[in-house]
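Report on the structure given below.
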Amino acid sequence: MPDILTITMNPALDVSTSTDKVMDTHKLRCAAAQLHPGGGGINVARVVQRLGSDCIALFLAGGVNGQRLRQLLDREQVRSHWIPIAGETRESFSVHETSSGKDFRFVLPGPTLTAPEWQACLDFVSKLGVPPAYVVASGGLPPGVPGDFYAQLTRLTRSRGSRVVVDTWGPALAAALAEGVYLIKPSLQELRELTGLPLANEPQWREAARRIILAGHAQVVALSLGEDGALLVTADRTLRARAVPVKVASTIGAGDSFVGGLVWALNRGDDLEQAFRYGMASGAAALLTAGTALCQATDVERLSKDVIIEPA
């Protein structure tokens with residue numbers, strides 16, 4: 001069993017294109033579509049594989065879109081285990097507006113899963129002979145999956161010694177935190193929703209993250225701040241990283257790339273500061289590519305030298 005297992009409950013066939021300007025009513029003439037395998041955990045696995053570590057991506061897939069998704073993953077040589085479902089895997093559609101640099105993302109809910117389908121994911125994990133060092137649960141939950149699914153997964157894997165990394169939002173995140181995870185990566189908006197607080201400035205961001213840690217809900221909070229970089233908070237230190245200046249082709253997949261680079265570095269034995277550096281570099285490298293092409297290893301290594309990390 002590889003050291004890293006990613007879990008994607010609501011994967012997608014990502015379709016991306018570009019046009020000069022997004023307007024209503026008019027027909028928008030677009031560039032040729034690009035297709036990529038998508039969904040939080042799948043993207044994390046793609047990054048880990050590109051950076052040179054072995055991992056396995058666990059996901060559910062059905063219909064024509066599910067078959068295409070599996071083919072695209074095979075083409076990238078990402079090791080995976082898929083669970084068949086009756087429903088059709090969703091598409092996720094994004095348009096890059098070249099005149100402004102903005103990305104417009106249209107996200108469908110995904111198929112409704114039955115109890116045997118989502119339970120099969122937990123069964124697969126429970127039957128692993130050797131537990132992975134890191135279990136990354138990333139992305140939203142599709143219809144039919146209980147809101148405490150990631151909490152169930154956390155109980156199952158943490159008891160076997162795995163470090164659980166969760167990148168989701170809303171009730172699914174709150175339920176997982178109640179079980180106690182290793183690391184979460186909320187955006188500022190997700191942290192505001194989680195705490196119910198306005199969190200108007202950086203001291204308040206740091207304090208909100210520390211409360212999560214002191215309550216025993218997580219050991220590490222990696223707070224993504226978009227153009228303002230990120231914070232990495234533990235019980236005894238806080239690190240601040242500024243965004244790496246790059247020419248942005250697309251913002252899609254940057255958060256997943258951040259998680260992939262961070263977990264990849266932690267798994268190979270880097271300390272948290274160095275892992276944070278590679279997370280920032282991976283996120284910045286993803287900005288260089290269109291759609292969800294994600295980061296490339298050469299760009300990650302090059303940009304890691306430009307990451308500035310300071311104590312907050």
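- N10 has its side chain out of reach of T89: every pair of non-hydrogen atoms, C-beta onward, lies at least 4.5 Å apart.
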May I have the list of side-chain donor-acceptor pairs in residues 173-182 shorter than 3.5 Å, sequence neighbours left out?
unit_1 : atom_1 : unit_2 : atom_2 : d
E179   : OE2    : R155   : NH1    : 2.8
Y182   : OH     : R163   : NH1    : 3.3

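- Put simply, the side chain of L58 does not reach to within 4.5 Å of the side chain of T6, judged on heavy atoms.
- For D103 and H96, the side-chain atoms include at least one donor-acceptor pair closer than 3.5 Å.
- Listed by first and then second residue, the ring pair (Phe, Tyr, Trp, His ring centres under 6.0 Å) pairs that reach into residues 39-85 are H81-F124, sequence neighbours excluded.
- Using a 4.5 Å cut-off on side-chain heavy atoms (C-beta onward), L122 and F149 make contact.
- Side-chain contact between D256 and S138 is present, with heavy atoms from C-beta onward closer than 4.5 Å.
- Between R50 and E76, at least one side-chain N (NZ, or NE/NH1/NH2) sits under 4.0 Å from a carboxylate O, which counts as a salt bridge.
- With a 6.0 Å radius and a threshold of 12 heavy atoms from other residues, nucleotides or ligands, I308 has its CD1 atom at or below the threshold.
- Side-chain atoms of R211 never come within 3.5 Å of backbone atoms of T195 as a donor-acceptor pair (strictly under, hydrogens ignored).
- Side-chain contact between I309 and V307: present, with at least one pair of heavy atoms (C-beta onward) separated by less than 4.5 Å.
- For the pair L60 and E117, the minimum side-chain heavy-atom distance is below 4.5 Å.
- Between D3 and D54, every side-chain heavy-atom pair lies at or beyond the 4.5 Å cut-off.
- Between the CG atom of N267 and the CD1 atom of I4 there is a distance of 4.0 Å, given to the nearest 0.5 Å.
- Side chain of S224 to main chain of G226: no donor-acceptor pair is present (N/O by atom type, distance under 3.5 Å, no hydrogens or angles).
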Let me see the working for R237 and E273 under salt bridge (charged side-chain N to carboxylate O under 4.0 Å, His left out), right down to the final yes or no. CA-CA 10 Å; R237 67 192 300 207; E273 181 171 342; 3.3 Å; yes

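- Between V164 and L153 the shortest side-chain heavy-atom distance does not fall below 4.5 Å.
- For the residue pair N43 / R46, a side-chain donor-acceptor distance below 3.5 Å is found, with atom types taken as modelled.
- Listed by chain and number, the residues in a ring-ring contact (aromatic ring centres under 6.0 Å, His included) with W264 are Y278 (sequence neighbours excluded).
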